[in-house]
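Heads up, the thing below is written out as structure tokens.
On a predicted model such as this, the values are computed, not experimentally measured, just so you know. Note that ligands are numbered from 1 as they come in the structure, with each ligand's atoms numbered from 1 the same way.
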Amino acid sequence: MLIDNHNRTINYLRLAVTDRCNLRCNYCMPAEGINFAKNDKLLTIEELKTLSGILVGQGIDKIRITGGEPFVRKDLMELLRYLAKLDGLKDISATTNATLIGPYIDELKSLGIKNINVSLDAINKATFERITRRDQYDTVHNNLIRLISEGFNVRINFIALDGQNTQDILPILELAKHYPVSVRFLEEMPFNGGSKTFQKIAWDYKKILEHIREAHPDFYKLESPSTSTSINYKIPGHMGTFGVIPSFSRTFCGTCNRLRVSATGDVITCLYAKPSANLRDIMRSENAKSNVEEQILIAVGSRAKTGFEAQEKYRDVFSNSMTSIGG
Ligand code: SAM
């Protein structure tokens with residue numbers, strides 16, 4: 001088991017398989033993108049398999065595949081086939097913009113990978129195109145509905161962006177009325193590759209909840225796992241649920257069970273912290289297993305207690321883009 005220096009069990013790995021993305025969401029990166037890593041700096045699929053095996057051996061039992069956009073990586077399914085058979089791994093999930101997932105839906109289902117988070121920040125096509133700077137709304141919408149109809153456990157992640165998409169909060173909630181999905185509203189974080197900086201946000205989780213309450217005064221709170229980052233609710237009569245994720249307010253750090261590894265092998269113990277180590281060269285050298293294990297133990301043993309503590313220590317962390325960190 002991995003236990004951190006604040007006595008929290010770390011069993012959840014967010015594994016980024018690429019830093020590249022086919023969308024250019026304006027709150028994530030500049031229009032021209034960021035300095036994407038060279039191919040030889042990205043972990044290969046073999047390295048991702050080996051690394052996953054080592055970390056599962058250390059106590060990780062849940063892996064979420066992220067990116068960049070994970071499905072831009074043509075060899076992704078090879079990794080997923082391996083993970084599906086990995087002893088000790090109980091839960092495999094993916095976070096995607098749902099532009100490229102279509103051809104893989106059947107195989108994902110047959111591998112038993114059913115938990116898919118779809119990032120969708122607008123239900124209005126023009127708003128979607130303005131935010132993503134790409135014309136992919138119909139594909140995303142079709143894939144989303146297909147995933148739901150095929151029985152995947154789908155959660156929609158919607159970042160509340162002041163002046164951009166908050167008029168879509170109530171309309172996108174209608175999806176939870178008609179479908180068994182969870183629509184989660186997240187606070188914006190300043191990880192946008194330097195496009196803009198901010199110290200506070202207009203749409204924090206409290207304001208999002210107040211806005212929803214005006215239209216749906218009778219929603220009620222649901223029980224959630226203690227390590228959940230989302231606070232979950234149900235509107236009577238809706239098939240699905242909704243949630244808020246205080247990712248900027250950081251109310252959930254006390255029970256954080258996560259570790260992140262970026263596509264280039266950086267070990268990140270908190271979104272608001274700088275990497276604690278890089279595993280790529282270690283993976284490519286002798287004694288990879290024991291050296292990786294050692295670096296993971298050091299990283300887990302020196303985690304910031306909260307995102308605020310991490311931010312205090314690493315003041316320039318906000319120049320990062322979420323596409324390199326994995327979200
Ligand atoms: N491409 C995949 C996707 O779209 O879900 C996975 C990677 S993406 C970086 C992961 C998540 O990070 C997405 O839900 C995205 O909306 C979120 N994200 C990116 N930049 C963010 C920011 N500045 N603040 C909050 N969330 C952000």
Basic-acidic side-chain contact under 4.0 Å: R81, E107:
yes

Does R213 reach the main-chain N or O of H211 with its side chain, forming a donor-acceptor pair under 3.5 Å?
no

Kindly confirm or rule out an N or O of E188 lying under 3.5 angstrom from an N or O of ligand 1.
no

Minimum heavy-atom distance between R184 and S230, given as atom pair plus value:
NH1-OG, 3.7 Å

Contacting atoms of ligand 1, where contact means under 4.0 angstrom from a heavy atom of T66
6 (C), 7 (C)

Using a 4.5 Å cut-off on heavy atoms from C-beta on, say whether the side chain of T197 contacts that of P190.
no

Heavy-atom distances under 4.0 Å decide this one: backbone, side chain, both or neither, for V118 against ligand 1?
neither

Please could you name the atoms of ligand 1 that E69 approaches to less than 4.0 Å, counting only its heavy atoms?
1 (N), 2 (C)

Step by step, would you call D121 with Y27 a side chain to side chain donor-acceptor pair (under 3.5 Å)?
CA-CA 11 Å; D121 304 307; Y27 60 90; 2.5 Å; yes

Apply side chain to side chain contact (heavy atoms under 4.5 Å, CB included) to the pair F128 and Q136, showing each step before the final yes or no.
CA-CA 8 Å; F128 176 92; Q136 288 288 320; 4.1 Å; yes

When you compare ligand 1 with G67, is there at least one nitrogen or oxygen pair between them that comes in under 3.5 angstrom?
no

Contact with ligand 1 for L186, non-hydrogen, under 4.0 angstrom
no

Numbered atoms of ligand 1 (with element) below 4.0 Å of C28, judged on heavy atoms:
19 (C), 20 (N)

Quick one: look up the protein heavy atom nearest atom 4 (O) of ligand 1 and list residue, atom name and how far away it is.
S119 OG, 3.3 Å

Please write down residue, atom name and distance for the protein heavy atom closest to atom 22 (C) of ligand 1.
M189 O, 3.4 Å

Heavy-atom contact under 4.0 Å between E187 and ligand 1?
yes

Contact (N/O only, under 3.5 Å) between Y27 and ligand 1:
yes

With respect to atom 26 (N) of ligand 1, which of T99, L271, I159 exhibits the smallest heavy-atom separation?
I159

Where do S324 and I34 come nearest, in terms of heavy atoms and distance?
OG-CD1, 3.4 Å

Step by step, work out the ring-ring contact (aromatic ring centres under 6.0 Å, His included) result for H216 and H238.
CA-CA 11 Å; H216 302 284; H238 279 205; 5.6 Å; yes

Give the residue and atom name of whichever protein heavy atom lies nearest to atom 20 (N) of ligand 1, and the separation in Å to one decimal.
M322 CB, 3.2 Å

Pick, from A16, G326, G68, the option with the minimum heavy-atom distance to atom 7 (C) of ligand 1.
G68

So which atom in E69 and which in C21 form the shortest heavy-atom distance, rounded to 0.1 Å?
CB-SG, 3.8 Å

